[in-house]
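Below is one structure, written out as structure tokens; the observations come after it.
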There are 2 protein chains.
Amino acid sequence: MTAVSDDLEGRAPQERSTRQKRAIAAALDSSDAFRSAQDIYTELRARGENVGLTTIYNQLRALAEAGELDVLRGDDGETHYRRCGTEHHHHLVCSECGRTVEVEGPEVERWASRVAAEHGFVEVAHTVEVLGTCASCARKKAAHS
Amino acid sequence: MTAVSDDLEGRAPQERSTRQKRAIAAALDSSDAFRSAQDIYTELRARGENVGLTTIYNQLRALAEAGELDVLRGDDGETHYRRCGTEHHHHLVCSECGRTVEVEGPEVERWASRVAAEHGFVEVAHTVEVLGTCASCARKKAAHS
DNA sequence: GGCGCTATCGGAAGTGCTTGCAGATAAGCT
DNA sequence: AGCTTATCTGCAAGCACTTCCGATAGCGCC
């Protein structure tokens, strides 16, 4: 039988540090923009790191569930991930070039809690995404016409 | 050959009113919640209306592009559509039972425009979703433990 | 250092949503 | 009624992602 004593119910889940995990973490660190799983796969491949696509999906999902990554569904169905601190913030995304700016919104936080409370909701989370055209892209478009 | 004179370049795009279009419009009107294409397909089927799934996708996409529908990508990859008045508002969704409450947030609107302007963004749109547990579900959960 | 347990990897196959295609259907005009 | 052509429809391809399961390789133990 097993030599492992199972009366240890509080034991840590044995997280292992592997080459693949480090590669993925490094790829995420190398840029603070949102990247898709496929992006990271391509990048690692190009860098010579041999990591399976499945592994990347698994890892990204795990990290996202652990709260270490921000998740954002694009309009094309792709899921984008991004390293995320513990602090809460929102994003201002340029729909032309994809540039992302982090913004904070105390008013929004207050508004969300107030509205939720008014309707009896508890344990509230919220998502705010502001999409627009950034200054340089707007200039570019204006110059075009 | 054709009796149609093609020197009429400004003619209307000949939109036809079909049974299927009316059925889809009716289905959308029957509820003000977000529905997926598949939902509508199932509903129409159950109602005896025979409408192809492809038609529903086409129609929904067309309506969305015409600005008559709100589009929202769910976390599971499904696209949800909803009849959209001209007025702008947001949603408070119960993560347990799915109940949806429409809310307004003038502060949020102001905040979004301000933040966007601060970073030089123009043509801004924004999405706000507040997710929580509604009063009755919270009670249910509390009674359980 | 060597060994075994098991978390993790990773290719292939599967899943579910969405869309392109080409022939069939029917709306609206004459 | 007859014709033109927008619209419908099922099929199957495309895709982003997940699941399966045998193979691989950390990490603790001896």
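In the text below, chain A, chain B and the rest are named by the order of the sequence lines, each starting its count at 1. Computation of the quantities below employed the complete heavy-atom set of this structure, encompassing side-chain atoms and omitting hydrogens, waters and symmetry-equivalent molecules.
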Please list each protein N or O that sits under 3.5 Å from an N or O in nucleotides 25-27 of chain D, with the distance.
| residue | atom | partner | partner atom | Å |
| --- | --- | --- | --- | --- |
| D:dG26 | N2 | A:R16 | NH2 | 2.8 |
| D:dC27 | OP1 | A:S17 | N | 3.0 |

Kindly indicate whether the side chain of [X], heavy atoms from C-beta on, has any atom under 4.5 Å from the side chain of [Y].
X: A:R83; Y: A:E68; value: yes
X: B:H91; Y: B:R82; value: yes
X: A:R22; Y: A:S17; value: yes
X: B:R110; Y: A:E107; value: no

**Sorted by number, the residues of residues 45-62 of chain A with heavy-atom contact under 4.0 Å to DNA chain C** = A:N50, A:V51, A:G52, A:T54, A:T55
When clusters are formed from ILVMFWY side-chain contacts under 4.5 Å, directly or step by step, what else is grouped with [X]?
X: A:V71; answer: A:I24, A:L28, A:I40, A:Y41, A:L44, A:V51, A:L53, A:I56, A:Y57, A:L60, A:L63, A:L69, A:Y81
X: A:V122; answer: none
X: A:L72; answer: A:F34

Mind calculating the distance between [atom1] ([X]) and [atom2] ([N]) to the nearest angstrom?
X: A:R22; N: C:dT8; atom1: CZ; atom2: C1'; answer: 14 Å
X: B:K21; N: D:dT9; atom1: NZ; atom2: P; answer: 12 Å
X: A:E78; N: C:dC17; atom1: CD; atom2: P; answer: 19 Å

**Request:** Go through the side-chain N and O atoms of B:E78 and B:S36 and say whether any donor and acceptor fall under 3.5 Å apart.
**Result:** yes
**Sequence-distant partners of A:H80, ring-ring contact (aromatic ring centres under 6.0 Å, His included), two or more places apart** = none
**Item:** Under the salt bridge (Lys or Arg N to Asp or Glu O under 4.0 Å) test, residues paired with B:R19 that sit two or more places apart
**Value:** B:E49
**With sequence neighbours excluded, residues passing side-chain contact (heavy atoms from CB on, under 4.5 Å) with B:V124** = A:V130, B:A116
**Fill in**
For A:S30, the side-chain contact (heavy atoms from CB on, under 4.5 Å) test, sequence neighbours excluded, returns A:R35, A:E43, A:R47
**Request:** Not counting sequence neighbours, which residues clear side-chain hydrogen bond (donor to acceptor under 3.5 Å, both in side chains) with B:D76? List them please.
**Result:** none
Protein N or O to nucleotides 23-25 of chain C N or O, pairs below 3.5 Å:
none

**Request:** Output the residues of residues 34-43 of chain B in contact with DNA chain D, where contact means a heavy atom of the residue under 4.0 Å from an atom of the strand; sort by number or write none.
**Result:** none
